[in-house]
Structure formats: C-alpha cells, structure tokens
Amino acid sequence: MNVRIFFLALGMVASGMNSLLIAGLLPEIAHTLGASEAAVGVSVSVLACTYALTAPFIPIVFSRFSRRAIAIAALIVFLGGVVLSAFAWDIWSFYAARAVVALGTAAYTAQAIAAAIEISPPGRKGAAAAWVSMGFAVSMALGVPVGTLLGEAFGYRSAFLLTAAIAAVTLAGLVSVRMSVRAERSTLRKQFRPLAEPVVLAVLLFTFLYSISFFSVLTYMFPVLEFAADADAAMVTAALALFGICNIVSMAVGGRLIDRFGSLAVILVCVLVMSVATPVLGVPLGPVVAFAAIAAFGLTGSLVGPSTNALLGHMHPTNPATLVGANMSAVQLGAAAGGAVGALMLTGPGANWIAYAAGVAALLSAIVCAGLLRARRAQRASRTRQPRQTEPTEAAA
C-alpha cells in the first residue's frame, strides 16, 4: 500500500474508533456523567448533526489549500475535541466536545477519501477508497474492542486518550509525507451545481436511509444484543470485534468488486443482505444466530460507504471532495436519525424494535438503489444508441 494511503487510512482508524467507542462504553459513560444511556446515545446525534451541517462546505471554502494542509488542520481540531471528550464533566460538556470532534472529522474524512481517489491510477480508484475506508473497519476489529476493554479497566477516559494517541501518530505521518493534491479552483455556484442533479440527490437519499439502518443498530449494539442473545459486556466486545473483522475482509476484496462490477451493483447486494440480517437481531434466537447476523451485517454494511464515495467521485472528478463531503453529511444525518430512532425504540417498545426499524430502513435504501441502477443502465443504453441515430444526418451533411 502507498505510504500516503496508509496514513490517510490510519486517520480513519482514529475517526472510526472515536465515533464507535460509545457503543461499547455506553453504560459507563452514562454512569460517570450522571446521565441516562439514551442521553449519551444522543451524543451520536450531536456529532452527526454538526458533521452534516459542515461537511459539504469545508471542501469548497478551503479549496485554495492542499488536501494535506486541510487534513493536518482537521486532525489538530479532532485531537482537541477527543481530549475534551475524555475530560467532560457532565453531559452538556460532553455534547460540546463531540461537536468539536465532528468539525475535525468532517474536514478530514472527505479530504482523505478524495485524496486517495485522486492519487490512484484508473481502475484502482474503488480499491483506494476501500483501503482508506478500511481504517474504519480496523477501528472496529481492533481499536474499539481494545478501547472498550481499556475503558472497562481504567475508565472510559483512557479509551478516548488512546484514540487521541492514534490521531497524533497520523498527524506526525501526514506532516512527514508529500501529497500535493489540490482541488480545482472554481466558483461556489459551480461547486454546488452537482448537488442539484437528480441522480446525486437520489444517491444522497439512499445514503441517508442506509445510514439510519446501520447506525441505529451499531449505536445501540449493547441493548440489542442483550435482548437477542442475553449478552454481557464481554459478548458485546466480541461481537464488535467480529463485526470489525468482517469489515476488514469485505474491504480487502470489496475494492476489487467495485472496480470490476460497478459501485451500484455492489451496493444493492449489500443493502439487500442488511435488510435481512438486521431484523434477525430483533428475535431472541441466541448467541449463534445473533453472531451470524452480526457477521452478515459486518460483511456488507461497511462496504456501502466506499462504494458510494467511489461512485460520487466518478460523477464529479474535478473535485470529488465536494460530493464525498455531501455524502458524508447524508451519512451523519442518517446516523443522527438512527440514534434518535434507537433512543425512541429503547425507551418505548423495546430494544428489539431497533432491529426491526433498521430492517425497514435498509429495505427502503435497497429500493432507491435498484431505481438508481435501472436509471443508470437506461442512460448508458441511450448513449449507446444516440450515435447510430445521428449517423444519417452526419452523412447527409
């Protein structure tokens, strides 16, 4: 792997670990801050909303700077937010710290993915997006379980400080490498124009629905597994590790699948599997079935992100960070909605309804994706027929 992509991916490890630690440490954070588990779960919505409101604009406002410079500045902000999260004294200061983290994450993620796509040769861009996104999977397989165990042994603050240490190593790495990738300068109107295209809006709608499904289950993994498999903290940690390992496996082969079969085909298969796997977690069938559903969820759920980013990067090659940033905003809006839906289900009908709601959201996203795939194929067929229709006119001319 290119050393630049390695450090870009390492930053994603820190970002993913920071976001997902809540899932494994939810009860302890709630106890320490004197808040309910649902209130701590809302911190995911705070991070997501802040992210969503800033991510589309950061690539445009700072397009005069190189991606490396933006990523370095973003990591500094991210570090500050993580340290504040570790030493928050109540739920409100914790919310404020998560908002600061969101600013750094929003700036970093779009630039990292866009840079990986741009520095990769044709035919390998999907793989590059998957490699960088694999940082999120690694955070699940290694970072989150280790962080959860560390948090249980020494307090959740130590887990956040571990995340800060990983971010600091990434920062040092990006400072030491050369990566002179700069977005194309253009007007704000030109930069925002692709966001008004119907196909792009459809992709963003798909991402929003998919993210509701993904994050409602992931954020409330602890209570969902308590219901489905009578899980304790150790079992939840093992489930998160399994989820992360499956993510790594899917990312390792997923980039090749994206480049070979196309993003939309890969996405459709993934969300169809999710629409079956997530409702299974709403039924108390025991650890074996629950872990099988988590494995299926892990093998497919995290591959959707890099597939969608590769698709959007192809749609707007002059500055892919613009559409990637918008897509990540849709992810975070979905995460916010998923966190809110999960909180409502948890305090209302019960944890099993989180899984049912996630299944419905995944099915709706599959319907949108199928429509996109059909529209894209019809568009290609139309372009193929068009030259044949114009040949007689050209000959007559």
So do [Y] and [X] actually touch side chain to side chain, heavy atoms under 4.5 Å?
X	Y	answer
I354	V341	no
L8	L174	yes
T300	V271	no
F94	L84	no
T54	L103	yes
Y156	L33	yes
T170	F78	no
W89	T32	no

Report yes or no: does [X] contribute a side-chain atom to a donor-acceptor pair with the main-chain N or O of [Y] at less than 3.5 Å?
X	Y	answer
S365	A362	yes
S93	D90	yes
S275	L272	yes
S43	A39	no
R157	V83	no
Y220	M345	no
S213	A358	yes

| request: Show your reasoning for whether side chain to side chain contact (heavy atoms under 4.5 Å, CB included) applies to S85 and V101. | output: CA-CA 8 Å; S85 298; V101 167; 3.9 Å; yes
Testing the basics here: between [X] and [Y], what is the closest heavy-atom pair and its distance to 0.1 Å?
X	Y	answer
A229	A290	CB-CB, 4.0 Å
A74	A107	CB-CB, 3.5 Å
A355	T278	CB-O, 3.1 Å
G334	F208	N-CD1, 3.5 Å
A239	L225	CB-CD1, 3.4 Å
L344	P349	O-CD, 4.0 Å

Nearest 0.5 angstrom please: [X] [atom1] to [Y] [atom2], how far?
X	Y	atom1	atom2	result
I267	C369	CD1	SG	5.5 Å
L171	L10	CG	CG	11.0 Å
M235	F222	CE	CZ	10.5 Å
L75	I70	CG	CD1	12.0 Å
L79	I166	CG	CD1	11.0 Å
S36	L346	OG	CG	9.0 Å

If hydrophobic clusters are built from ILVMFWY residues whose side chains come within less than 4.5 Å, do [X] and [Y] share one?
X	Y	value
V100	W92	no
L53	L333	no
L209	V273	no
V276	I212	no
V77	V169	no

| message | Is it the case that the side chains of N327 and T207 hold a donor-acceptor pair, with the cut-off being a distance below 3.5 Å and no angle test? | response | yes
| request: Step by step, work out the side chain to side chain contact (heavy atoms under 4.5 Å, CB included) result for F206 and T308. | output: CA-CA 9 Å; F206 159 80; T308 309; 3.9 Å; yes
| said: Show every ring pair (Phe, Tyr, Trp, His ring centres under 6.0 Å) that has at least one partner inside residues 329-355, sequence neighbours left out. | reply: W353-Y356
| request: Sequence neighbours left out, what pairs pass ring pair (Phe, Tyr, Trp, His ring centres under 6.0 Å) with at least one residue falling in residues 323-342? | output: none
| message | For L281 and I294: C-alpha separation, side-chain torsions, deciding distance, then whether side chain to side chain contact (heavy atoms under 4.5 Å, CB included) applies. | response | CA-CA 8 Å; L281 292 170; I294 292 294; 3.9 Å; yes
| field | F154/L162 under side chain to side chain contact (heavy atoms under 4.5 Å, CB included): CA gap, chis, key distance, verdict | value | CA-CA 12 Å; F154 302 102; L162 174 62; over 6 Å; no
| task | Compute the centroid of each ring, for F214 and then for F297, and state whether the two points are separated by less than 6.0 Å. | result | yes
